[in-house]
Amino acid sequence: MDTLVKKFDEINLENRKLLIELIKKFSSSGGKELKEGNAVKPLHEIFFAGRAIIDDEKCIACGACAETCPTGALSIRDDENIRTISHTHQLCIACKRCETSCEDKAIKIEVELNLKDFIEGNLRKKKSAELKLCKECKKPVGPVASIARIAEKLKEEGIELSELDYCQKCRKWRTAYESVPKLSIYLQRSYPDGEK
Amino acid sequence: MKKSEGTKKSLDKSTGIFLCSCSEEISKTINFDNLAEFLGSIPDVKVELVRHLLCQEPDLTFLAEEIEKNKYQKVIIAACSPQYITKIFEKSFLEKLVTLEYFEIVNIREGCAWVHIDNPSDALNKTKALIQVSLERARRNEKVLSRKIGIETKAVVIGGGTAGVAAAFELAEAGVKTYLLEKKPYLGGIAAKIGKVVPTDDCAMCTAFMDSNNLEICRKCIYRSRIDANDNLEIITQADVKKLKGSPGDFSVTFEASPRFVDIKKCILCKKCEEVCPVDGIKEFPYATNSRKAIYLPIPQAIPRGYMVERSLCPPECRRCEDICPTRAIDLNQKEEKREIRCGSVIVATGIEMFNPSPLKEYGYGRFPNVINQVELARMLDPDGPTRGSVVAPSTGKPAKKIVMVQCVGSRDKYHEYCSELCCIFALKHANVIKERTDAEVTVCYIDIRSHGFYERYYLEARDKWVNFIKGRPSEITENPQTRELCVQVEDALLNQDLRLSADLVVLSAALIPSEGTQEISKTSNLNLNNYGFIKEYYGKNRSSETESIGIYVAGGASGPKNIPSSVAHAGAAATKALIEIKRQQAHRRLKVASVNDDLCIKCEICMKICPFHAVEGIFSDESPVLLTKPPKVNELVCVNCGQCSAYCPTGAIQAKNYNRESVFAQIEGILKNNFITPKIVTFLCLECAYAAMDIAGLQKLQYPASILPIGLPCAGKTTMLDILKSFELGADGVLVGGCQTCHFKNGKELMITQVELTKSVMDLVGIDKGRLDFFVTAIADSRKFLDKARNITEKIKKMANF
């Protein structure tokens, strides 16, 4: 799966950019050094900036939140067999689309402003989950918990699929083998090994 | 200014500034020669001669002639408050000569000359700054288009209770084609179930209607006036509203009407069907003495007049009623009907219902058969009701001898904190009726008897009739399982004594809550609710029959508990509002509205959530019913250009018309540039109350520091941290933000306060003294608040070291 990390400059958060520039300017001339954990909470819930809290037990690392995040504040990174979900405070606009998209209510956005992170754009790791690897090619298929959820839902419908153990590419090949054996033999001949 | 110069550069000098001395009122403080010289140095500006009274003839004619002669595209008039003079200019020449957006009035009398009398040099500086702000604004303003909207000439009233009937009747009488949708099979709502109502002590169906076709006869009840015979009124019963959408002047109401199985027009009420119907013994309450059949007349006075069939009770294949009907009115194969009506106005009159007090376990409602509520008692007292007017103990069916009423059950407590208004009078009336008809002993346990106004007579009457009153909320009601007799435990707070009252009937005056229909309609139509779940009025003081969705009105109990007289009055007001809207037939709307730049939009939906009027509409597809996939659109008829959306848009994709980010920044720059006043305090004021409060202070010539440099914004909620910090960057020594006591755009006040407090914290962190920023909220009449803050912040900043 592609990584969804976007850079601040790539996103058109014009108002946000101007604000950060202003705060940077004042903070450097004011001579006050920003410390960790200087979080400021607004009086009321407003759409401004937020900190993501992910419930480790509920989260299955499906990545729906990052998909729906309009600014790329939530990002996914798949390395080897570990998926990391991170949150960039600087990009977060507290729109809470991630909360809407999360089926398990595992993610929560706490509206607050943490000036250091806000200016520096630090990436905070929020969740790491084990990835299931393809039986065939050993490439990641998806998070273990997420795949288990899919299998469970399919079971409720009365379907059991062995395809869940394989990555998208290998899945296609397998389907091709099973449904049209002759064609697959032909394909195998035309594309020996490695291409699988 | 010489003429030769003027002709040579006439093309460049596209902006004309007119200075009004206001019969020396302004010029005695402000040095106009100096001012004219300064303004003349601005490249594209021509300063006209100073006139004494621009708002009156002959100067008005002079103004029009000059604008026409010099072909000014933009005109700035420096005079008094726009509140007084805008209309004068609009009437005399504005529409013909200049586009409204390119015309600015600078308030240099109330805003400057009158309030800085002792400080002419600062007053001059401030005048320059204010004129520069107007110039910046006029330069950036865009033309506002207008649109003609046709308005549908029909009206829909949802809910056929007291208020709904009254509103629909008024509309139909006024000649508007009106559709009255009622969920039940007959009109009248709760009132139709009650035999006798306050304050006239007669039947509820009297709602004082007057048939305009028969002026000589004042027909006062819906039964006799036959409102269903009105050509303009179509009554649709058993209708369930599924969808209500659209924009002002063009709504669409979709509903499903369940079949009645009887054609109202053909039914002659001969009762033959009822006689042959094999299904018998259906009772409204278990203790009812009368019963009905599967085909029945709901109530004798029912409008529409006709039988109906409860089809679910019919035995299969039974067609007896259909066969015997002499007029062939019955059709047992009738199907559900789905319809859509387009209309110009909608009145929501979905009413109230009684709270089910079973969560209050100590009172045993639902467990003990002899504990009932006031509506059930009203049914008993109705001569046409289930017990034919006698008050009985449900367990035995015998007349009740000892009756205890408990007030405020579920209201003024943890269930509903409000007072339901009607229950006291409801209970007193019932106590009186019982005393009139029987010799039963009646006791009322109350917290306070709230029989306001003329209703006090019901209390006096009850006392005279020896109804017992006990001040105290009963702690528990217990039942003797054998005899079903009840025991009410109550502490009499006046005698400081514990009492145990025995009773064979306990009546709970349960809270009045939004009806199921009210809750449903708020979901289907996106209507806002108040804290208690009733439909929120547009403005409680003087616009209580309007909802926050423009073009949808509310009548009766849907917006809060109301008795019959107030419901009818409220309905009349709603009908008038709807009528005004419809009778215009065509509306002219200046499209001064926010707009979305699709390229910048990241579809975060914040604008949709923040818009107080739901004017930003997203289109959701079936694939993605919750999350937006396309940039949202602004409904031009609903948007009021308050700018709250633009304050929270992270990209600047949505911008209020003529108050976009660049324009506001330019205004801040304009007010601070070449300004020698110290300290300089940029003051963002909501153009509704806050700006007007400053105006009123000016009118009274109340002095405040010239440091206050006002910039008008459509709503204080539009002020953002960005605007505030930008002001500091551009050289402001302080920032003051002013909002309204009651925000005209709902949340603006809270949004502004939140932003200011947040900005203060940020300022603290980055090393700006947070005392440099302050805010106030005020009503127009309370200009003292503005003055206090203005003086206070100026003093504070003067004491601080230079920024």
Side-chain angles (χ1 to χ4, degrees), chain A residues 6 11-35 37-49 64-65 67-73 90-103 111-116 118-119, chain B residues 597 599-610 624-629 631 644-655 661-662 665 717 720-730 747 749-769 803:
Chain A
K6 288 183 199 165
I11 300 150
N12 233 335
L13 294 176
E14 198 57 41
N15 280 353
R16 176 66 52 109
K17 248 185 226 175
L18 288 170
L19 185 63
I20 289 173
E21 274 163 26
L22 274 176
I23 295 180
K24 266 186 190 166
K25 194 172 162 186
F26 283 122
S27 130
S28 57
S29 66
K32 260 198 178 180
E33 203 172 313
L34 294 171
K35 286 178 201 142
N38 274 342
V40 185
K41 275 199 187 296
L43 288 175
H44 296 274
E45 285 268 303
I46 52 164
F47 304 102
F48 187 70
C65 50
E67 284 283 353
T68 45
C69 180
T71 62
Q90 189 181 54
L91 293 176
C92 181
I93 51 175
C95 68
K96 304 197 174 180
R97 267 171 72 118
C98 47
E99 283 185 14
T100 319
S101 70
C102 185
E103 213 174 63
V111 181
E112 65 173 39
L113 178 63
N114 193 322
L115 220 47
K116 193 174 165 70
F118 191 66
I119 293 179
Chain B
N597 181 340
D599 297 337
L600 293 179
C601 181
I602 54 167
K603 301 173 269 294
C604 64
E605 300 173 15
I606 286 178
C607 47
M608 292 168 62
K609 287 177 194 156
I610 211 135
S624 168
V626 196
L627 297 167
L628 209 59
T629 47
Q644 287 177 15
C645 52
S646 64
Y648 289 89
C649 180
T651 65
I654 193 163
Q655 295 280 9
R661 187 178 62 214
E662 283 71 31
F665 281 5
T720 60
M721 189 188 286
L722 188 57
D723 297 333
I724 296 169
L725 292 181
K726 190 76 187 174
S727 308
F728 283 118
E729 195 206 9
L730 292 172
N747 314 318
K749 185 172 95 176
E750 279 78 30
L751 293 177
M752 180 269 281
I753 295 173
T754 313
Q755 279 280 353
V756 169
E757 291 295 341
L758 193 64
T759 311
K760 272 187 185 175
S761 324
V762 170
M763 284 163 64
D764 204 29
L765 289 172
V766 299
I768 310 173
D769 193 324
F803 188 55

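In what follows, every chain begins at residue 1, and chains take the letters A, B, ... in the order their sequences are listed.
Looking at B:T759, neither its backbone nor its side chain comes within 4.5 Å of chain A, counting heavy atoms on both sides. The contact between A:L18 and chain B is made by backbone and side chain atoms together, counting heavy-atom distances below 4.5 Å. Contacts of A:K41 with chain B are made by backbone atoms alone, with heavy-atom separations under 4.5 Å and no side-chain atom involved. Both the backbone and the side chain of B:E750 come within contact range of chain A, with heavy atoms under 4.5 Å apart.
In this structure, B:T754 and A:F48 have side chains that are not in contact, with every pair of non-hydrogen atoms separated by 4.5 Å or more. Between B:Q755 and B:I724 there is no side-chain heavy-atom pair separated by less than 4.5 Å. Side chains of B:Q655 and B:N597 form no contact here, defined as non-hydrogen atoms less than 4.5 Å apart.
Using a 4.0 Å cut-off between charged nitrogen and carboxylate oxygen, B:E729 and B:K726 count as a salt-bridge pair. Under 4.0 Å is where a charged nitrogen must lie from a carboxylate oxygen, and between A:E45 and A:K96 at least one such pair does.
Of the listed residues B:R661, B:E605, B:K603, the one with more heavy-atom pairs under 4.5 angstrom with chain A than any other is B:R661.
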